[in-house]
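Here's the structure we're looking at; comments come further down.
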Amino acid sequence: MRLLTHNMLSCNIKGVTKGFPLSIEVQRLDTKDADFNPDFLRNIFPKLEWKAFHDAAVSIGLNDIPEQVDPTMLEDHEFLQKFHHALLEVHLEEGALICPETGRRFPVTKGVPNMLLHEDEV
């Protein structure tokens, strides 16, 4: 699971009001090369919740993502390379996503998060 995916997931348990962002518990990470596309990065940037992305990156050990950003940084090649790597190349292969409100753990197995709810959570 990429951090791009993580940035779009939330806990949808009935009654949960603060289900985003999910915490990440890492058991195994993998790095997979992805084609570098600066235009994609510039287009996805406004759609991301940056604080959640930054905090997720730090939680998996990527400490070179700045806490604060502005659109002018999207013209800096070095920033785009770091952004690309964190967003698209680092994959959570095994671990869990954890609801910030309930503590419910959603397992990630072979890079796929299982966000299915139990019957009593719907």
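For the numbers below, each heavy atom of this structure counts, side chains included, while hydrogens, waters and symmetry mates do not.
- Looking only at side-chain heavy atoms (C-beta outward), N7 and L87 stay at 4.5 Å or farther from each other.
- Of the possible donor and acceptor atoms, none in the side chain of E25 sits under 3.5 Å from a partner among the backbone N and O of A96.
- With hydrophobic clusters built from ILVMFWY side chains whose heavy atoms lie under 4.5 angstrom apart, L4 shares a cluster with L80.
- Looking only at side-chain heavy atoms (C-beta outward), L92 and L29 come within less than 4.5 Å of each other.
- Looking only at side-chain heavy atoms (C-beta outward), T31 and H85 come within less than 4.5 Å of each other.
- Put simply, SG on C11 and CD1 on I98 are 11.5 Å apart, with the number rounded to the nearest 0.5 Å.
- In this model, a donor atom of one side chain and an acceptor atom of the other lie less than 3.5 Å apart for Q81 and H77.
- Two different hydrophobic clusters hold M8 and F20 under the rule that ILVMFWY side chains link at heavy-atom gaps under 4.5 Å.
- Of all non-hydrogen atoms in L88 and R2, the two that sit nearest each other are O-NE, 3.3 Å.
- By the 4.5 Å heavy-atom criterion applied to side chains, Q68 and W50 are not counted as neighbours.
- In this structure, the side chains of F83 and D76 stay at 4.5 Å or more apart for every pair of heavy atoms.
- The cluster map of Ile, Leu, Val, Met, Phe, Trp and Tyr, joined by side-chain heavy atoms under 4.5 Å apart, puts F53 and L41 in the same cluster.
- Note: H84 and F36 have perpendicular aromatic rings, judged against thresholds of 30 and 60 degrees for the angle between ring planes.
- The structure places SG of C99 at 9.5 Å from CD of E121, a figure rounded to the nearest 0.5 Å.
- Put simply, the side chain of V122 does not reach to within 4.5 Å of the side chain of K14, judged on heavy atoms.
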Go through the steps to decide whether E93 and K32 satisfy the test side chain to side chain contact (heavy atoms under 4.5 Å, CB included), and finish with yes or no.
CA-CA 11 Å; E93 290 295 322; K32 301 175 184 178; 3.0 Å; yes

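- In terms of hydrophobic clustering, with Ile, Leu, Val, Met, Phe, Trp and Tyr side chains grouped at heavy-atom distances under 4.5 Å, L116 and F106 are assigned to different clusters.
- Remark: side-chain polar atoms of E101 are paired, donor with acceptor, to backbone N or O of T17 under 3.5 angstrom.
- Placement of L48 and I24 within a single hydrophobic cluster is found when ILVMFWY residues are connected by side-chain heavy-atom separations under 4.5 Å, directly or transitively.
- Residues P113 and L9 form a side-chain contact, since some pair of their non-hydrogen atoms from C-beta on lies under 4.5 Å apart.
- Counting all heavy atoms, side chain and backbone alike, H54 lies closest to P66 at CD2-O, 3.4 Å.
- A distance of 13.0 Å separates CG of D39 from CD1 of I44, quoted to the nearest 0.5 Å.
- Counting heavy atoms from C-beta on, the side chains of H6 and L22 come closer than 4.5 Å.
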